[in-house]
Amino acid sequence: MSTTEHPAPSRLRSWMLEGLSDMGKGQGVTGPHATPEPPHRGQAWYRVMCLTGVDYFSTLGYQPGIAALAAGLLSPVATVVLVVVTLAGALPVYRRVAEESPHGEGSIAMLERLLTFWKGKLFVLTLLGFAATDFLITITLSAADASTHLVENPHLTEALHGQRMLITLLLVALLGAVFLKGFLEAIGVAVALVATYLALNAVVVAAGFWHVVTAGHVVTDWSHALTAEHGNVFAMVGVSLLVFPKLALGLSGFETGVAVMPHVKGDPGDTEEHPAGRIRDTKKLLTTAALIMSVFLIVTSFLTTVLIPEKEFESGGQANGRALAYLAHEYLGNTFGTVYDVSTIAILWFAGASAMAGLLNLMPRYLPRYGMAPHWARAVRPMVLVFTLIAFLVTWVFDADVDAQGGAYATGVLVLMSSAAIAVTIAARRAGQRGWTVTFGVVSAVLLYVTVVNVIERPDGVKIGACFIAGIIAVSLLSRLARAFELRVTDVTLDPLAERFVRDAASRKLRFIANEPDRRDRAEYRDKIEQIREDNDLPAHEDFVFAEVTVTDPSEFEGRLVVRGEVLHGRYRVLTLESSSVPNALAALLLHVRDTTGCTPHIYFEWTEGGPFANFLRFFLFGQGEVAPVTREVLREAEPDRARRPRVHTG
């Protein structure tokens, strides 16, 4: 198809939009990874687990402190409740998600298949808003916690006092700079970071338990205070259930675990349609990560509760946002503590890199396919700038405070997990698995309860999520409006009979009649030809081929066009097409015919009744409306040379 020629772009523009010309090629995929990647051998599941780990395990940097602030002396009991929900709820849900979307699409893709037309698109945009909340707050929260570890380090406290905001912004900017230069996901770096970080945490835990054993009174003091405050075990569990939503940050990481599935090696016999080995090993990845994290959450929440004074967890305290680092400095010395701080800062920063990669993969997976992103959004670097600027704004709004961002982060995580639980419940019900349907239904109810409570107690999270949703929907609809007259068809294929019609007609003058299929009886086609001849003053011997478009899902944007030929009533040649938009499909057909035959085709329309504004809305929302002028406009944008542009006639 014809392409518009532009002046040679500047070097900066070429660098910013590098790879944009290849976007959208190959199996209808769009986004930064539109061109199909060459086959790779993949990595062992335990190595790929570390990609999840930089996000999941890094929460140890701030989760114990958040738990202590939320639950106080009850922090270890509340953490056990969190672990039970993780192992009995979230883990089975995402093991099922891995089965249902083995190519890393996640639960959003599962739910996308359940809803069609515009309601499906709006639902996906809403989930993308919460996903953006999750990933962007991961970037800002991790950077804020990394800066806290720097500022609170005894060797740097005086030099960096009061500079937390500046350091956080610099870390976010550095992250953006890495992606502007070109970021390759380095599993080896993730393995080294996770292995080092977990090993250092194991040392801190061992030192903490040694101190607990040698100073036995700390456990006694804690248990007496806990009993005096809450009375009995049942009261403790009840209060733990009430404060559980505040601990929801400990559930993060499962969406990332599914997203990295394509990197898992699997079995030699795996195919893209049936990657059984990849699914099995991804389940191992999810289970192992959940077990490791559960153990660390329980032991660290216990140690930080019994060994750190309560006032140190509060804002301005030395353990605020860095409880384990406090223990490392307290019991292993400032040298080891500094090494621990460096490791924590590194993994927190790399967690932000993982979140940025998730954003760059997730948004282009949907928005360009819906026509709901500007053309430049298919390129990586402009989107990196957009996300970095948004991260600056979020950091400024929350004053680089880890505790203040916890609500927004938890909201994003919980909404995605709730949607995943609902998706697998529906999948189990459709598969006739009664037991799993009930199980997943219970998990969905629990996660929905936690989500609602979290929203009520910390409405800032849903407010931030709502801002992202509103922004995404507004930009998406404006982009869809701006791109309404693009040639949306990625490929045109004619069946043998359709090709025969075109070749035969090309021996004379190519004349098509655009017809809205109704009864499709003999009278419909006879009357249509007579009307076209009368309106355009054409002689009786002129030959015509009908072109009929059936609108499938008008909310879709791009797609392939398959043209089928048929002969009706023994004499009328008809080309039938299915598309999301009548004008765009007809324009694509005309350009394809011109390019394959070398002849300029003519197409004939009748004016549509109704006002222009109402007809444009019909086109925008339902793919129909005033077809003739819109077809001409699509052709005008696709082919700037008037001499080569197919002719549009309206009577």
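Side chains included, hydrogens not; waters and symmetry mates left out as well; all remaining heavy atoms used. If you're wondering where the values come from, they're calculated on a predicted model, not measured in any experiment. Throughout, residue positions are numbered sequentially from 1 according to the sequence presented.
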Item to complete: Show the numbers, then the answer: is there a side chain to side chain contact (heavy atoms under 4.5 Å, CB included) between Val443 and Leu447?
Response: CA-CA 6 Å; Val443 175; Leu447 290 174; 3.9 Å; yes
For [Y], does its backbone N or O pair with a side-chain atom of [X] as donor and acceptor, under 3.5 Å?
| X | Y | value |
| --- | --- | --- |
| Ser147 | Ala144 | yes |
| Ser444 | Ala421 | yes |
| Ser58 | Leu348 | no |
| Thr140 | Val394 | no |

So, taking the atom named [atom1] in [X] and the one named [atom2] in [Y], what distance separates them when rounded to the nearest 0.5 Å?
| X | Y | atom1 | atom2 | result |
| --- | --- | --- | --- | --- |
| Ile345 | Asp341 | CD1 | CG | 5.5 Å |
| Leu174 | Ile167 | CG | CD1 | 13.0 Å |
| Phe392 | Ile139 | CZ | CD1 | 11.0 Å |
| Ile298 | Ser301 | CD1 | OG | 7.0 Å |
| Met165 | Trp396 | CE | CH2 | 8.5 Å |

[X] atom [atom1], over 12 foreign heavy atoms within 6.0 Å:
| X | atom1 | result |
| --- | --- | --- |
| Glu310 | CD | no |
| Tyr46 | OH | no |
| Arg280 | CZ | yes |

Looking at side-chain heavy atoms only, is the closest gap between [X] and [Y] below 4.5 Å?
| X | Y | answer |
| --- | --- | --- |
| Thr168 | Leu171 | no |
| Arg95 | Thr287 | yes |
| Val264 | Gln43 | no |
| Val172 | Thr388 | yes |
| Leu82 | Leu297 | yes |
| Ile390 | Leu136 | yes |
| Tyr326 | Thr304 | no |
| Leu291 | Leu87 | yes |

Practice prompt. Could you list the residues that satisfy side-chain contact (heavy atoms from CB on, under 4.5 Å) with Val306, not counting sequence neighbours?
Written response: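 Here the qualifying residues are Val212, Trp222, Phe302.
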Worksheet entry | With sequence neighbours excluded, residues passing side-chain contact (heavy atoms from CB on, under 4.5 Å) with Leu127 |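 Testing Leu127 for side-chain contact (heavy atoms from CB on, under 4.5 Å), a comparison that skips the adjacent residues, returns Ile108, Leu111, Phe123, Val415, Ser419.
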Discussion item. Is the distance from the ring center of Phe254 to that of Tyr56 below 6.0 Å?
Written reply: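 Yes, the ring centres sit under 6.0 Å apart.
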Fill in: Verdict with reasoning, Met49 to Thr288, per side chain to side chain contact (heavy atoms under 4.5 Å, CB included)
CA-CA 8 Å; Met49 180 186 71; Thr288 304; 3.8 Å; yes
Discussion item. With side chain to side chain contact (heavy atoms under 4.5 Å, CB included) as the criterion, how do Lys283 and Trp45 come out once you've worked through the C-alpha distance, each side chain's angles and the decisive distance to 0.1 Å?
Written reply: CA-CA 9 Å; Lys283 290 181 178 180; Trp45 65 267; over 6 Å; no
Worksheet item: Between Thr451 and Ser418, is any side-chain donor less than 3.5 angstrom from a side-chain acceptor?
Response: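 Yes, side-chain donor-acceptor contact under 3.5 Å.
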Fill in: side chain to side chain contact (heavy atoms under 4.5 Å, CB included) evaluation trace for Thr59 with Met293
CA-CA 9 Å; Thr59 57; Met293 190 63 174; 2.7 Å; yes
Show me, pair by pair, the donor-acceptor contacts under 3.5 angstrom made by side chains of residues 189-203, not counting sequence neighbours?
{"from": "Thr196", "atom 1": "OG1", "to": "Ala192", "atom 2": "O", "distance (Å)": "2.8"}
{"from": "Tyr197", "atom 1": "OH", "to": "Gly61", "atom 2": "N", "distance (Å)": "3.2"}
{"from": "Asn201", "atom 1": "OD1", "to": "Tyr340", "atom 2": "OH", "distance (Å)": "2.8"}
{"from": "Asn201", "atom 1": "ND2", "to": "Tyr197", "atom 2": "O", "distance (Å)": "2.8"}

Worksheet item: Is it true that Arg278 and Asp267 make a salt bridge, defined as a side-chain N closer than 4.0 Å to a carboxylate O?
Response: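 Salt bridge: no.
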Worksheet entry | Short N-O contact, Glu100 and Arg96, less than 4.0 angstrom |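 Salt bridge present between Glu100 and Arg96.
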